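Below is one structure, written out as structure tokens; the observations come after it.
What you see is a predicted model, and the numbers here were worked out from it, not measured in a lab. Start at 1 with the first residue, then count along the sequence.
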Amino acid sequence: MKKSRIVYLDFIAGLLILYMIFPVHVLSQTGLERYNYLSSVFFFFMAWFFYKAGMFFKPTDSKAILKRTFKRLMVPFLIFSVIGDLVLDLHFYLTGITSYKYYIASLKSVLIEGNAVGNIPLWFLLSLFIIHNGFNFAKKYLHPYVILATAAVMPTCMHYAQIDIPVISHTFAGLFFFICGYVIGGYSTQLLKNVNENLQLAVFALLFISIMIFNPVRVSFIDNDLISGTYPCWFISYLVAILVANNLARIVSNKIPLQNSYIARIGKNSMVWLVSHWILLTMCRIVVDDILGTSNSYILAAVMASVCIFIIPLLSRLLNKPDLSWTIGK
């Protein structure tokens with residue numbers, strides 16, 4: 001029997017995917033980061049995806065979870081990392097880069113950064129794969145709260161010791177939010193299931209506003225860099241933001257039908273948007289910059305945005321076909 005989807009989670013996922021692609025990646029690739037006015041609202045977007053994954057985690061046999069997560073996470077990671085690198089190699093060739101170091105950079109990048117150079121956002125899939133299997137194993141011997149504390153301490157120590165190994169720091173940070181999702185929002189262990197939704201929203205919103213006023217903290221999730229605020233506070237700040245977003249979306253979804261909205265459909269197909277958008281952005285750069293010779297950042301950003309909006313939904317239809325769905329972990 002096919003499980004029914006949780007609409008409010010699809011809606012948040014779609015909203016955050018759109019934020020990740022357009023205000024974050026499109027603007028950063030075109031040098032227009034200064035126009036990202038939404039960063040103070042959606043700063044928690046990567047932490048949310050780890051939290052959501054934890055909500056549905058169920059401890060099971062190690063071999064079973066390894067097999068399931070390899071299919072679900074590592075197969076898309078490997079396929080679209082290779083495609084991304086091939087597209088990036090074409091960019092290197094067209095721009096006259098001939099040094100072999102650029103062409104083999106992905107191996108080092110996977111080991112240190114946790115992603116291929118040609119498809120940077122896929123660090124999330126590798127980290128989530130490690131987290132699923134690592135937490136499933138560690139939970140047999142340690143209490144989740146011990147693992148939770150370790151997950152917060154590790155990137156904190158790495159930050160203050162200036163140890164720059166992103167694949168370790170963002171995997172432990174992801175583990176922290178994954179466990180929070182498992183403990184607080186997990187559908188088998190709902191910590192707040194008996195607390196009124198409106199009361200939850202009011203309390204978390206008040207706490208969130210207080211944090212934003214007295215210690216607005218920002219940390220770059222992917223590389224563990226402190227942008228503003230006091231580093232240890234970012235775990236609580238991001239967690240509270242997640243709880244506000246989830247409670248608000250759940251309340252809204254009870255009053256307004258969201259299941260057929262464009263944003264919810266994006267959330268439902270978030271894997272396709274995640275694995276394909278960076279490749280499309282690189283292809284746009286090849287056409288606009290390398291082939292046409294246009295150096296206007298605004299034109300490039302407009303082309304990138306248009307291509308993602310029109311092409312990714314078509315890719316979703318294609319890759320969800322039975323013969324190709326395995327490429328996106330289905």
- prompt: Say you draw a straight line from CD1 of Ile147 to CZ of Phe135; how long is it, rounded to the nearest 0.5 Å?
  reply: 5.0 Å

- request: Write down the atom of Pro76, the atom of Gly329, and the distance for their closest heavy-atom approach.
  value: CG-N, 3.6 Å

- prompt: Is the number of heavy atoms from other residues, nucleotides or ligands within 6.0 Å of OH (Tyr262) greater than 12?
  reply: yes

task: Please state whether the rings of Phe124 and Phe49 are parallel, tilted or perpendicular, taking 30° and 60° as the class boundaries.
output: perpendicular

Nearest-0.5 Å distance, CE of residue Met74 to CZ of residue Phe77: 5.0 Å

task: Can you see which heavy atom on Gly267 is nearest to which on Ala13, and at what distance?
output: CA-CB, 3.9 Å

Rounded distance [0.5 Å steps], OH in Tyr145 versus CG in Leu148: 8.0 Å

- request: Give the minimum heavy-atom separation between Leu9 and Trp48, together with the two atoms involved.
  value: O-CH2, 3.4 Å

field: Partner of Tyr19 under ring-ring contact (aromatic ring centres under 6.0 Å, His included), chosen from Trp273, Phe45, Phe43
entry: Phe45

task: Nearest 0.5 Å please: distance from the NZ atom of Lys268 over to the CG atom of Asn320.
output: 8.5 Å

message: Could you check whether any side-chain heavy atom of Ile83 comes within less than 4.5 Å of a side-chain heavy atom of Asn119, counting everything from C-beta outward?
response: no

task: For Ser297 and Thr30, indicate whether the former's side chain and the latter's backbone hold a donor-acceptor pair under 3.5 Å.
output: yes

message: Ile256 vs Phe11, test: side chain to side chain contact (heavy atoms under 4.5 Å, CB included). Steps then yes/no.
response: CA-CA 12 Å; Ile256 302 173; Phe11 185 83; over 6 Å; no

- request: Check Pro166 against Ile222 and note the closest heavy-atom contact, atom names and distance.
  value: CB-O, 3.3 Å

- prompt: In Å, rounded to the nearest 0.5 Å, how long is the span from CE of Met271 to CD1 of Ile328?
  reply: 7.5 Å

message: Taking Ile312 as the starting point, is it possible to reach Leu314 by hopping between hydrophobic residues whose side chains are less than 4.5 Å apart?
response: no

field: Neighbour count >12 (heavy atoms, 6.0 Å) for atom OH, Tyr160
entry: yes

message: For a side chain to side chain contact (heavy atoms under 4.5 Å, CB included) check, start with the C-alpha distance between Leu274 and Leu125, then their side-chain angles and the critical distance, and finish with the verdict.
response: CA-CA 10 Å; Leu274 173 67; Leu125 297 181; 3.8 Å; yes

- prompt: Quick one: are Leu280 and Leu315 in side-chain contact, heavy atoms under 4.5 Å?
  reply: yes

- prompt: Between Asn296 (side chain) and Ile299 (backbone), is there a donor-acceptor pair under 3.5 Å?
  reply: yes

message: Quick check: Phe221 with Phe50 (ring centres under 6.0 Å apart)?
response: yes

task: Could you check whether the rings of Phe42 and Phe44 sit parallel, tilted or perpendicular, using 30° and 60° as the cut-offs?
output: tilted

field: Side chain to side chain, Ser316 and Arg265, heavy atoms closer than 4.5 Å
entry: no

message: The test is side chain to side chain contact (heavy atoms under 4.5 Å, CB included); show your working for Tyr231 and Val217 and say whether it passes.
response: CA-CA 7 Å; Tyr231 183 92; Val217 60; over 6 Å; no

- prompt: For His132 and Thr69, does a side-chain donor sit closer than 3.5 Å to a side-chain acceptor?
  reply: no

- request: Report, as yes or no, whether the 6.0 Å neighbourhood of atom CE on Met283 holds more than 12 heavy atoms from other residues, nucleotides or ligands.
  value: no

message: Surrounding NZ of Lys63 (heavy atoms of other residues, nucleotides or ligands, distance under 6.0 Å), is the total greater than 12?
response: no

- request: Flag yes if Val82 and Trp123 sit in one hydrophobic cluster, no otherwise; membership is Ile, Leu, Val, Met, Phe, Trp, Tyr, and two members link when side-chain heavy atoms are under 4.5 Å apart.
  value: no

message: Could you check whether any side-chain heavy atom of Cys308 comes within less than 4.5 Å of a side-chain heavy atom of Leu281, counting everything from C-beta outward?
response: yes

task: Kindly say whether Ile168 contributes a backbone atom to a donor-acceptor pair with the side chain of Thr171 at under 3.5 angstrom?
output: no

message: Quick check against the 3.5 Å criterion: does Asp85 have a side-chain atom that pairs as donor or acceptor with the backbone of Gly118?
response: yes

- prompt: Looking at Glu113 and His170, what are the two nearest heavy atoms and their distance?
  reply: O-CE1, 3.0 Å

- line: CG of Leu88 to CD1 of Ile279, rounded to nearest 0.5 Å, is 10.5 Å

query: Applying the 4.5 Å side-chain criterion to the ILVMFWY set and letting contacts propagate, would Val153 and Leu226 be lumped into a single cluster?
result: no

- request: Report yes or no: do Leu86 and Leu78 belong to one cluster of Ile/Leu/Val/Met/Phe/Trp/Tyr joined by side chain heavy-atom distances under 4.5 Å?
  value: no

task: Could you tell me whether the side chain of Trp278 reaches within less than 4.5 Å of the side chain of Gln29, counting heavy atoms only?
output: yes

query: Taking C-beta and beyond as the side chain, do Phe22 and Ile309 meet within less than 4.5 Å on heavy atoms?
result: yes

- request: Return the minimal non-hydrogen interatomic distance between Cys284 and Val307, and the atom names on each side.
  value: SG-CG2, 3.6 Å

field: Validation row: Phe235, Val219 side chains within 4.5 angstrom (heavy atoms)
entry: no

message: Set out, in order, the CA-CA distance, both residues' side-chain angles and the distance that settles side chain to side chain contact (heavy atoms under 4.5 Å, CB included) for Ser169 and Asp164, then state yes or no.
response: CA-CA 8 Å; Ser169 60; Asp164 185 24; over 6 Å; no

- prompt: Any side-chain heavy atom of Thr327 within less than 4.5 Å of one from Val275?
  reply: no

- request: Determine whether Trp326 and Leu66 fall in the same hydrophobic cluster, where Ile, Leu, Val, Met, Phe, Trp and Tyr are linked whenever their side-chain heavy atoms lie under 4.5 Å apart.
  value: yes

task: May I ask you to decide if the ring planes of Tyr182 and Phe57 are parallel, tilted or perpendicular, using 30° and 60° as cut-offs?
output: perpendicular

